[in-house]
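Step one of this worksheet: look at the structure below.
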Amino acid sequence: MLERRPFGSTDLNVSIVGLGAGQIGESDVTEAEASEVLNGALDLGITLIDTAASYGLSEERIGRHLGRRRDEFVLSTKGGHGINGEPDWSSGSVLWSIERSLRLTRSERIDIFFLHSCPVEILRRGELQETLDEAVAVGKIGVAGYSGDNEPLAFALESGRFGAVETSVNIADQRNLRNLPSDYPGPGVIAKRPIANAPWRFRERPTGHYADLYWQRLQLLDLDPGELDWAELALRFTVYAPGVHTAIAGTAKLDHLRRNVSASSRGPLPAATLEGIDRAWRRVGSDWPAST
Ligand SMILES: NC(=O)c1ccc[n+]([C@@H]2O[C@H](COP(=O)([O-])OP(=O)(O)OC[C@H]3O[C@@H](n4cnc5c(N)ncnc54)[C@H](OP(=O)(O)O)[C@@H]3O)[C@@H](O)[C@H]2O)c1
């Protein structure tokens, strides 16, 4: 069975690899493909699915294809801005987001709701943390979370107001690891972009593609995956990184998901491989900010 971990100090348990459901929200992914990946994820033992209000068709597809299996997985979603008629990052936009996610995902409760890249100035006001606490108190959401990176992530963690965080962690993006709590119990931690957007699929620099930044960083890091394939090297680094509870590899392909589950189950990378990644990071990467 796919390993599970306690999700920080929450009462949730999560599989060590989750499904990032950004890709299944794309309109060029068919309903049949979305259903195959979503149901396949649960059949493979994945118990965490991560989505967002801004991921196209993702939330409604989760509702449509997994509505009847809703008690088999932890659902995390994100929102709080871009809501028609409500100012961004107001209590109204957060509450509206939660209601919309409940309806689209056919859920009675959102297990983890993240403020999606909320600016640090807004976090400092504290108003939205109160809104989330009230949503927890009335049972609309289970855990109040913050999704972000760099300084806002550090602020969110230090504030102690969030039961979960979602943040970028991968071989080419290690900055946030510095901020993750090493003590337990602390917030549950979801690693996003865990395989660095798979930049090795591009022979030439993919200018303008979302993998562009990590493609450039991998050139500079000059890592050697040895006998492992790149996806396995990247995912095993993230899944077993200190402070990470689960890594949400994003895919719309069941075959990739199967490989990700198998790779994660092979355990942490050998010490010599980790040392090589660490040396490369300290040589060129230690000043790189996290990708948001
Ligand atoms: N909170 C935020 O602001 C934020 C930002 C970014 C991401 N996220 C979350 O994190 C999840 C993952 O992030 P991400 O999708 O940006 O990055 P990622 O998981 O590092 O990389 C995903 C890319 O890798 C490919 N891929 C997946 N498994 C593969 C495998 N075994 N072999 C080769 N290629 C593989 C996928 O394409 P295929 O579809 O072809 O497999 C996809 O293009 C998202 O789905 C989303 O839930 C959140």
Side-chain angles (χ1 to χ4, degrees), residues 18-23 25-26 48-56 58-59 75-84 86-101 104-105 110-133 135 141 143-170 172-180 187-194 196-197 209-214 238 243-250 288-292:
L19 172 66
Q23 284 74 5
E26 302 288 334
L48 172 79
I49 297 181
D50 178 74
T51 183
S54 57
Y55 292 172
S58 180
E59 286 189 319
L75 176 69
S76 64
T77 191
K78 310 184 271 295
H81 64 110
I83 302 296
N84 277 349
E86 296 283 350
D88 283 354
W89 306 120
S90 59
S91 279
S93 66
V94 169
L95 292 173
W96 204 96
S97 237
I98 292 170
E99 292 297 340
R100 183 174 178 274
S101 297
L104 290 177
T105 63
I110 301 295
D111 300 302
I112 312 165
F113 182 85
F114 292 103
L115 299 177
H116 197 173
S117 308
C118 176
V120 71
E121 313 82 67
I122 306 280
L123 290 183
R124 284 205 179 93
R125 288 191 216 147
E127 180 193 327
L128 297 186
Q129 288 87 321
E130 282 167 27
T131 304
L132 291 180
D133 287 348
I141 67 175
V143 177
Y146 178 72
S147 176
D149 304 274
N150 299 310
E151 190 202 348
L153 173 76
F155 178 86
L157 286 166
E158 275 163 24
S159 75
R161 295 294 302 270
F162 296 98
V165 294
E166 178 172 319
T167 196
S168 298
V169 176
N170 62 59
D173 201 338
Q174 301 185 36
R175 174 64 164 268
N176 291 321
L177 287 173
R178 287 189 208 159
N179 289 323
L180 296 183
V189 176
I190 297 178
K192 63 179 164 91
R193 303 179 188 271
N197 304 149
H209 189 276
Y210 82 146
D212 185 3
L213 175 70
Y214 291 146
T238 305
V244 168
H245 299 123
T246 182
I248 44 169
W288 293 342
S291 178
T292 56

Query raised in the report: What pairs with Glu127 under side chain to side chain contact (heavy atoms under 4.5 Å, CB included), at least two apart in sequence or on another chain?
Result: Ser91
**Report entry** With Lys78 via salt bridge (charged side-chain N to carboxylate O under 4.0 Å, His left out) - residues at least two apart
**Finding:** Asp50, Glu166
Report summary line: Contacts of Arg100 meeting side chain to side chain contact (heavy atoms under 4.5 Å, CB included) (sequence neighbours excluded), chain-then-number -> Ala53, Glu59, Trp96, Arg103, Leu104
Report task. Name all residues meeting the side chain to side chain donor-acceptor pair (under 3.5 Å) criterion together with Glu26; count only those two or more places apart in sequence or in a different chain, and write none if there are none. Result -> none
Requested in this report: Using ring pair (Phe, Tyr, Trp, His ring centres under 6.0 Å) as the criterion, list what pairs up with Trp89, not counting sequence neighbours.
Outcome: His81
Report task. Under the salt bridge (charged side-chain N to carboxylate O under 4.0 Å, His left out) rule, collect the residues that match up with Asp133, sequence neighbours excluded. Result -> Arg161
Could you list the donor-acceptor pairs under 3.5 angstrom formed between side-chain atoms of residues 112-119 and any protein atom two or more places apart in sequence or on another chain?
none

Query raised in the report: Does any non-hydrogen side-chain atom of Pro194 lie less than 4.5 Å from one of Asn170?
Result: no
Query - Set of residues satisfying side chain to side chain contact (heavy atoms under 4.5 Å, CB included) with respect to Asn179, sequence neighbours excluded - result: Leu153, Ala154, Leu157
Query raised in the report: Between Ser291 and Lys192, what is the shortest heavy-atom contact and its length?
Result: O-NZ, 3.8 Å
Report summary line: Smallest heavy-atom separation, Ser76 atom then Ile190 atom, equals OG-CD1, 4.0 Å
Requested in this report: Establish, yes or no, whether the cationic atom of Arg193 lies under 6.0 Å from the six-membered ring centre of Tyr214 and within 45° of the ring axis.
Outcome: no
Query raised in the report: Mind checking what makes salt bridge (charged side-chain N to carboxylate O under 4.0 Å, His left out) contact with Glu130, not counting sequence neighbours?
Result: none
**Report entry** Sequence-distant partners of Asn176, side chain to side chain donor-acceptor pair (under 3.5 Å), two or more places apart
**Finding:** Asp149, Thr167
Query raised in the report: Checking Ser58 side chain against Gly25 main chain: does a donor-acceptor pair fall under 3.5 Å?
Result: no
Query - Listed partners of Tyr146 passing ring pair (Phe, Tyr, Trp, His ring centres under 6.0 Å), at least two apart - result: Phe162
Requested in this report: Mind checking side chain to side chain contact (heavy atoms under 4.5 Å, CB included) for Arg175 and listing every partner two or more places apart, or none if nothing turns up?
Outcome: Asn150, Arg178, Ala290
Report task. For residues Leu128 and Ile122, report the shortest heavy-atom separation together with the two atoms involved. Result -> CD1-CG2, 3.7 Å
